[in-house]
Amino acid sequence: MADGYKGQTLTVWVMDGSSPDQGQQDMAAAFEKKTQAKVTFEVQQWNGIQ
């Protein structure tokens, strides 16, 4: 198990409406289990992105 990232945090930006809450929770759990690091998701309001 990789523990070189233990105690660190990865912040992931997602566009509003592009990432369901359950998906974020599932990804965070898998990431945290594998790396021992924390992941947080920040929803961004990217108006006019297209």
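If you read the sequence from its start, that first residue is 1, and numbering goes on from there.
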Point-to-point distance, once rounded to the nearest 0.5 Å, from CD of Gln36 to CD of Gln8: 12.0 Å
Would you please say whether a donor-acceptor pair under 3.5 Å links the side chains of Gln22 and Asp26? yes
Closest heavy-atom pair, Ser19 versus Met27, reported as atoms and distance to 0.1 Å, is OG-CE, 4.2 Å
Rounding to 0.5 Å, atoms CG (Asp16) and CD (Gln45) come to a distance of 4.0 Å
With rounding to the nearest 0.5 angstrom, report the CD to CH2 distance, Gln44 to Trp13. 5.0 Å
Find out whether Lys38 and Glu32 are in side-chain contact, i.e. whether some heavy atom of one side chain is under 4.5 Å from a heavy atom of the other. yes
For Val12, all residues meeting side chain to side chain contact (heavy atoms under 4.5 Å, CB included), sequence neighbours excluded: Leu10, Val14, Val39, Phe41
Pairing residues for Ser18 by the side chain to side chain donor-acceptor pair (under 3.5 Å) criterion, not counting sequence neighbours: none
